[in-house]
Amino acid sequence: MKTLIKNGRIVTAVDDYVADIVIDNGRIETIGRHIAVGGDVEVHDASGLLVMPGGVDVHTHLDWAFGATHTVDTFGTGTKAAAFGGTTTLIDFCNQTMGESPLKGLEQWHKRREGACVDVGAHMIMLDVNAGSLADMKTLINREGVSSFKLFMAYPGVLMLDDGALFKAMRMAGANGALTCVHAENGPVIQVLVQEALEQGLTAPKYHATTRPPILEGEATHRAIRLSELARAPLYIVHLSSGEALSYVSEARDRGIPVHAETCPHYLFLTNEEYERPGFEGAKYVMTPPLRERGQAAHLWRGLKTDDLQVVSTDHCPFCFNAQPYGIQFSKQLGAERFSEIPNGAPGVETRLPLVFEGAVLKQGMSINRFVEIVATAPAKLFDLFPMKGTIAVGTDGDIVLFNPDEQWTIRAAEHHSRMDYTLFEGRSVTGRVKKVFLRGQCIVDGATWHGREGMGQYLSRGESGRIN
Ligand code: DUC
Ligand code: ZN
Ligand code: ZN
């Protein structure tokens with residue numbers, strides 16, 4: 001059966017016009033005015049709505065073991081939540097285990113992702129860099145379609161690589177057409193600050209933020225950039241949260257170095273005042289890097305306007321506030337006695353598009369084209385999903401969102417589709433709402449109604465990554 005989306009305002013990173021779209025066999029077959037389709041066709045009227053490419057979120061952690069903790073969303077629940085939020089493509093993180101091949105980590109990830117409701121690709125987190133795993137990186141790139149790697153400069157003893165290992169992995173990625181994604185915070189110095197805080201009896205969630213100051217994000221960002229230059233490896237700084245870190249990215253880009261960066265909605269819309277919430281409530285906002293001082297977000301908006309920041313992704317890394325019903329390892333309550341035990345991560349996959357639309361277009365005066373670019377087109381280009389994902393064009397996947405730019409609504413965790421028991425944005429009124437979502441031509445979200453199914457998401461095997469132009 002064909003799908004016909006009529007009378008919508010089609011907006012991509014470069015286009016803005018009213019037309020009809022016909023999707024056949026999952027791909028966009030025709031775009032034109034007043035198209036008449038005979039036979040078996042499902043018609044959707046998009047009058048008054050924006051018709052935009054499905055969102056591309058290149059930073060999620062679904063069904064992920066993180067130290068002694070585990071994220072609560074399965075691929076089924078996390079991707080359903082993504083779909084309701086207008087996101088039809090994810091790149092999720094899988095990881096190598098110490099002493100094992102990263103290929104084994106990918107194999108296990110493939111089993112977990114079988115329940116995905118939207119299309120998913122994988123980044124590989126490298127934990128154990130040695131001759132064997134460096135060779136496996138080539139196999140991942142050339143045979144398995146994994147062309148991006150995440151390297152941690154934080155969490156010594158758990159995820160962190162030392163500078164030598166970081167450099168070796170960057171060099172291997174760069175030489176083989178892969179993009180190096182870096183979590184840039186100085187882990188060893190953070191460890192000192194955390195230890196000292198605990199010794200002074202400072203155990204509340206707010207000390208998560210004071211022990212991870214922006215200077216340590218800036219220092220690590222600068223170090224990652226310089227090491228990537230030496231390694232001749234394109235770089236992507238994940239979850240950038242501060243003006244200082246951004247200044248190093250801007251400086252490198254001005255010199256023509258292939259450095260890219262993303263930020264996340266929580267850094268654009270929230271501040272460290274959230275840690276002052278009563279009781280243990282501040283734990284809901286414990287993610288890394290932490291929320292920053294009021295005033296930092298202005299730097300991030302500036303970066304998004306000037307293209308020093310190219311992407312807004314979610315870092316959806318969901319841990320429930322309560323221990324029940326899923327268990328303590330899925331819960332913030334692990335850190336009830338000490339902030340250092342609170343699992344680091346927060347949800348966001350279902351609210352990215354409306355929040356960023358309102359913030360970027362309605363409040364910051366950015367164009368709708370730029371909005372589409374930062375939530376769909378640029379990430380698709382950087383991670384080699386474009387043009388099948390991230391735009392609307394003849395021959396590409398029929399991943400489409402119908403979006404009402406005028407509808408005002410209120411964010412409520414109770415109405416979400418994730419397993420999460422809270423949202424960072426509870427009670428926030430936003431303008432702009434996802435109305436319908438199509439995955440390869442199939443309407444999977446229609447208002448509050450779900451037509452998708454677990455297992456319909458496909459694996460996205462990717463080629464050379466790290467080029468945007
Ligand atoms: N970094 C992430 O990207 N996600 C969760 C935790 C972290 O430190
Ligand atoms: Zn990280
Ligand atoms: Zn993350």
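Along the sequence shown, the residues carry numbers beginning at 1. First listed ligand is number 1; within each ligand, the first listed atom is number 1.
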Indicate, as side chain, backbone, both or neither, the part of [X] found under 4.0 angstrom from ligand 1 when only non-hydrogen atoms are considered.
X: F93; result: neither
X: K150; result: side chain
X: V238; result: neither

Geometric class of the [Y]/[X] ring pair [parallel <30°, tilted 30-60°, perpendicular >60°]:
X: H61; Y: F93; answer: parallel
X: F357; Y: F371; answer: perpendicular
X: F330; Y: Y326; answer: perpendicular

Who's the nearest protein heavy-atom neighbour of atom 5 (C) of ligand 1, and how far? C317 SG, 3.5 Å
Which heavy atom of the protein is the closest neighbour of atom 8 (O) of ligand 1, given with residue, atom name and distance? Y155 OH, 2.6 Å
Subset of ligand 1 atoms that lie under 4.0 Å from at least one heavy atom of [X]:
X: H183; value: 1 (N), 7 (C), 8 (O)
X: T288; value: 6 (C), 7 (C), 8 (O)
X: D315; value: 2 (C), 3 (O), 4 (N), 5 (C)
X: N344; value: 5 (C), 6 (C)
X: H239; value: 1 (N), 2 (C), 3 (O)
X: F66; value: 6 (C)

Give a yes/no verdict on a cation-pi contact between R232 and F167, requiring under 6.0 Å between NZ or CZ and the six-membered ring centre and an angle within 45° of the axis. no
When you measure from the centre of the six-membered ring of F321, is the NZ or CZ of K284 under 6.0 Å away and within 45° of the axis? yes
H239 and side-chain hydrogen bond (donor to acceptor under 3.5 Å, both in side chains): which partner among H266, E262, H183? H183
So is E185 close enough to ligand 1, meaning a heavy atom under 4.0 angstrom away? no
Rounded to the nearest 10 degrees, what's the angle NE2 of H239 makes with NZ of K150 at the Zn ion (ligand 2)? Could you check? 120°
Can you tell if the side chain of T431 reaches within under 4.5 Å of the side chain of W409, non-hydrogen atoms only? no
Partner of T314 by side chain to side chain contact (heavy atoms under 4.5 Å, CB included), out of T60, T87, V58: T60
Of all the N, O or S atoms in H183, which has the shortest distance to the Zn ion (ligand 2)? ND1
Ring center gap for H417 and F84 short of 6.0 angstrom: yes
Any idea which heavy atoms bring G457 and R113 closest together, and the distance? O-NH1, 4.5 Å
Under 3.5 Å between some N or O of ligand 1 and some N or O of W64? no
Distance check below 2.8 Å: does F152 bring an N, O or S atom to the Zn ion (ligand 2)? no
Distance check below 2.8 Å: does H59 bring an N, O or S atom to the Zn ion (ligand 3)? yes
Given the Zn ion (ligand 3) as the apex, I'd like the angle to NE2 of H61 and OD1 of D315, rounded to 10 degrees. 100°
Sole residue of R223, R226, K168 in salt bridge (Lys or Arg N to Asp or Glu O under 4.0 Å) with D163: R223
